[in-house]
Amino acid sequence: MAEPGFRRDGSWVGASVPRREDPRLLTGRGRFVDDITLPRMLHAAFVRSTEAHARVVDVDLSEVRRVPGVVAAFDAADLALGDITALLDRPLEEFVPTSMPVLAGDKVRYVGEPLAVVIATDPYAAEDGVEAAVVELDPLDPVVTETAALAAAGPPVHEEAPGNVLVDVSLFATEGIDGIFDEAHTVVTVEARTGRQNALPLETRGVVADWDDRDEQLVVRTCTQVPHQVRTVLARCAGLDEKQVRVVVPDMGGGFGQKCVVGREEIAAAAAARRLRRPVKWIEDRREALTASFLAREQHYTARAAFTADGEILALESDVVCDMGAYSCYPFTAGIEPLMASAEMPGVYRVPAYRVRGRAVATNKAPTAPYRGVSRPQYVMVMERLMERAARELGLDALDVRRRNLITEFPYRGVNAITYDPGSYRESLDLCEQVLRDEGWPGRTLPDGRVLGIGYSCFSERTGYGSGAFAARRMQVVPGFDLSQITMDLDGTVTVTTGTLSHGQSHETTFAQIVADRLGLPYDKVKIVQGDTDRITYGWGSFASRSVTIGGSAAAAAAVKLGDQLRALAAHLADADVDSAELDGRGGVRAGDRTFSYAELADVAYLRAHLLPKEVGPGLTATASFDVGGDGTFSNATHGCVVALDPGTGGVEILRYVCVEDCGVAIHPRVVEGQARGGIAQGIAGALFEQVVYDELGQPLAPSFMEYKVPTAAEIPDVRIEHLETPCAFTADGAKGAGEGGTIGAPAAVLNAVNDALRPTGVELDSTPLSRADLFAALNREAP
């Protein structure tokens, strides 16, 4: 019988063991940035632009410095920091590089852009100082919409991009595709827009920075997903060597991609701390988070697909325009959304011919950063609408059209030059339909007069992007690999460093499970260290579902190397052949006729080094790296959604939600389910509720939760999750990523369910979020 917590095969991987983070976090003993208080600490607040587009005439801080409690106030000239510049290695006609100043100097490009930083003895005095600033701006006509940006009628957002187009790429264009469309039995078109969203991590951005005179080092405690990238940019902006900057990430309350780019305020606060030689704290308030932080999602698709009479897709064409706001984010650039959409839009379907154009335009709105899913919720929604529309035009069942086009033979080399590793695309669709059918939803009517609708979405999630995948985008900064170091202590326990970073994904547990299996240790004997640039050689952080696939594989490889060291040491002490030595699965090594515990071996390695072979140095430490070759791996899923529409109000209630997911081997199934449920909630939010709106002057109209509609537990349904398992062939334990799938599939499933309910009206809606007014009008119109 297996020990408690183990799977039946005796391994930790695959077991939903108690999470090691929970006792600390659930009892209020977590330590987040705002919990940090240092002696003589000061507080920062920012003077921000009130105009969306203007020349800066003057920033007068003289009265600010007279406010009681204010210690200092700095504008761009005072701090003299370098700009943040993200680059692609693409010709000028494809990519226009722009720079984002830490503090705006000559021009402001969105409401909320920081112009100056006020440093005071407490946050209230800092806010009073902000109120005393006198800023003179010369307004320019703002560029507020993607249409206005492309028209380029007024002053450009950036002078170096007079047409407001920062990225314009045509990655694929199959020869002869026009003829395919001309000769096709049916061509369907979808024009879709998706609303601008805020990632809304529970913990807003923040920083506590302090200059350490002893180490001559700027120590920056901040909530970021990419600590090493923050170190690099801060060092470059401040003119420091990287060794003079240490970035430490404490517990973090969510990121969702918004924190996987380098922000300006953190750098300004750190520069002020260095200048004043006193700790400086800045905590973003919710108004700043809603109006001046990194946003995402605002995209416009014009797509068409050609089909045969029996529903087989022949060709796909898409024009993608992404409103990226005022600046390129570091390190991904303004290309993050259009390049993702262009490269991966065919998704789970066999598309023989493909043509796509992707553009990123600059507008006078807060800049865009990655947000959970990065374009995949949008292009999956468009692809699923194309499938639904083709089925309707052809008089076929929409699920049968999907089945006819799903990839079923693997590995599959797509028209987008991506190779898809084995998945369960057809199986997930079949099981999802079966679950809803067995529950009796098809054909059901509601007694209260509401209209029932059922919708599906099929998709894949590319996870574990390696260096090759990012290099294909021609990023000048190329993420991908990860490093891990493992060290055994005298008592036989181990400490493992990882360049990935947990912001809610339970790395302290899941990485410990991976390492524990390699060494035959209880998982609570494995300590995971993350988020400290002085303790971790280098890492790319956590985003794009890369943590377990890449970081976990690096940790597993390091553990194997340490195991080899332990075997070699035991063989030496037993005078046995090293090939005969093996880990016993219980914290020891069998060699010859002897068994050594890890503690005994560590005792020799550290305290009795004279017993070691001459060619082996003291200590037990191993380092390994991992990078995904080729195109990475693909998780996949099918989502099914049942909605009820109220003809009297246009209100939508989600009655049932089913997710059939396949992320390969689930290291911790409950963690995977938590990721899926959280992602689905965010996807539903984008489909029905959340949207950042601006007026014609570029003023944000949702500065609080009174205006920015966020779903509560009452609007999010219970989610049934079914697991399939198609192991990945090249990651540790066969795991694939699971972080973004819930968000990717939900908007399409909800939208298709709503359109199913609208079927009697003849109306089809293709954009999100779904307006209650539009739904009310559609439900109460006469059928054609």
Side-chain angles (χ1 to χ4, degrees), residues 7-9 11-16 344 346-350 373 376 380 383 399 402-414 416 418-435 456-466 469 510 513-514 517 544-553 556 626 628-640 658-676 679-680 720-745:
R7 289 204 305 184
R8 290 181 180 177
D9 63 1
S11 64
W12 293 108
V13 166
S16 293
E344 300 189 14
V348 294
Y349 298 111
R350 298 187 304 271
R376 286 168 289 188
V380 166
M383 287 298 296
L399 296 186
R402 287 179 173 86
R403 290 186 178 97
R404 190 160 290 131
N405 291 289
L406 284 170
I407 300 168
T408 56
E409 296 181 3
F410 299 95
Y412 176 80
R413 182 71 171 174
N416 53 353
I418 291 175
T419 299
Y420 297 76
D421 66 335
S424 54
Y425 302 171
R426 174 69 180 266
E427 294 85 351
S428 67
L429 174 58
D430 290 345
L431 181 54
C432 189
E433 182 193 21
Q434 178 186 332
V435 168
Y456 294 87
S457 67
C458 300
F459 64 94
S460 62
E461 175 194 359
R462 190 180 183 185
T463 73
Y465 289 80
T510 55
Q513 289 175 270
I514 291 170
D517 272 352
S545 301
R546 69 184 303 275
S547 296
V548 163
T549 53
I550 295 179
S553 295
F626 184 81
V628 174
D631 296 319
T633 184
F634 289 81
S635 298
N636 68 271
T638 295
H639 289 194
V658 175
C659 166
V660 179
E661 69 82 31
D662 185 345
C663 65
V665 175
I667 304 299
H668 192 297
R670 285 185 186 171
V671 168
V672 171
E673 291 182 8
Q675 290 275 18
I680 288 166
R720 176 171 172 176
I721 297 176
E722 299 285 343
H723 299 279
L724 299 176
E725 186 176 292
T726 307
C728 177
F730 49 83
T731 62
D733 300 298
K736 303 177 180 180
E740 299 178 287
T743 311
I744 294 169

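Fair warning: this is a prediction, and the values are worked out from it, not measured in the lab. Atoms considered below: every heavy atom in the structure, side chains included; atoms not considered: hydrogens, waters and symmetry mates.
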Q) If you look at every heavy atom in Gln513 and Ile667, which pair is closest and at what distance? A) NE2-O, 3.3 Å

(Q) Between Asp662 (side chain only) and Thr726 (backbone N and O only), is there a donor and an acceptor less than 3.5 Å apart? (A) yes

Q.
Within a 6.0 Å radius of atom CZ on Arg670, are there more than 12 heavy atoms belonging to other residues, nucleotides or ligands?
A. no

Q.
I want to check something: taking the side chain as every heavy atom from C-beta on, are Thr463 and Arg546 in contact at a cut-off of under 4.5 Å?
A. no

Q: Would you mind checking if Asp631 and Arg413 are paired as a salt bridge, meaning a charged N to carboxylate O distance below 4.0 Å?
A: yes

Q: Look up atom SG in Cys659 and atom NE2 in His723, then write down how far apart they are to the nearest 0.5 Å.
A: 8.5 Å

Q) Step by step, would you call Tyr456 with Leu399 a side chain to side chain contact (heavy atoms under 4.5 Å, CB included)? A) CA-CA 8 Å; Tyr456 294 87; Leu399 296 186; 3.6 Å; yes

(Q) Pair Phe459, His639 - check side chain to side chain contact (heavy atoms under 4.5 Å, CB included), show working. (A) CA-CA 9 Å; Phe459 64 94; His639 289 194; 3.7 Å; yes

Q) Distance from Gln434 atom CD to Leu429 atom CG, nearest 0.5 Å? A) 11.5 Å

Q: State the CZ-CG distance between Arg426 and Asn405, to the nearest 0.5 angstrom.
A: 11.5 Å

Q | Main-chain N/O of Gly745 paired to Ser457 side chain as donor or acceptor, under 3.5 Å | A | yes

**Q.** Side-chain heavy atoms of Glu433 within contact of Arg403, under 4.5 Å
**A.** yes

Q: Could you tell me which non-hydrogen atom of Ser553 sits nearest to which non-hydrogen atom of Ala732, and how far apart they are?
A: OG-N, 2.9 Å

Q: Would you give the length of the straight line joining atom CD of Glu673 to atom NE2 of His668, rounded to the nearest 0.5 angstrom?
A: 10.5 Å

(Q) If we ignore hydrogens and angles and just use 3.5 Å, is the side chain of Ser635 paired with the main-chain N or O of Lys736 as donor and acceptor? (A) no

(Q) Counting C-beta onward and ignoring hydrogens, is there a side-chain heavy-atom pair between Arg350 and Thr408 closer than 4.5 Å? (A) yes

**Q.** Distance-minimising heavy-atom pair for Tyr349 and Cys458
**A.** OH-CB, 3.8 Å

Q) With distance as the sole criterion, is a donor-acceptor pair present between the side chains of Glu461 and Ser545 under 3.5 Å? A) yes

Q.
Looking at every non-hydrogen atom in both residues, tell me the closest pair between Ile550 and Tyr465 and how far apart they are.
A. CD1-O, 3.3 Å

Q. Excluding sequence neighbours, so at least two apart, what forms side-chain contact (heavy atoms from CB on, under 4.5 Å) with Ser460?
A. Val348, Tyr420, Tyr425, Phe634, Asn636

(Q) To the closest 0.5 Å, what do you measure between OG (Ser424) and CG (Leu724)? (A) 4.5 Å

Q.
Show the nearest heavy-atom pair for residues Ala676 and Ile721, with the distance to one decimal.
A. CB-CD1, 3.8 Å

(Q) With rounding to the nearest 0.5 angstrom, report the CD to OG1 distance, Glu740 to Thr743. (A) 7.5 Å

**Q.** Closest approach of Cys663 to Gly737 (non-hydrogen atoms, all atoms of both residues)
**A.** CB-O, 3.6 Å

Q) Are any side-chain N or O atoms of Asp517 and backbone N or O atoms of Ser11, one a donor and one an acceptor, separated by less than 3.5 Å? A) no

Q: Keeping the roles fixed (side chain from Asp733, backbone from Ala735), state whether a donor-acceptor pair exists under 3.5 Å.
A: no

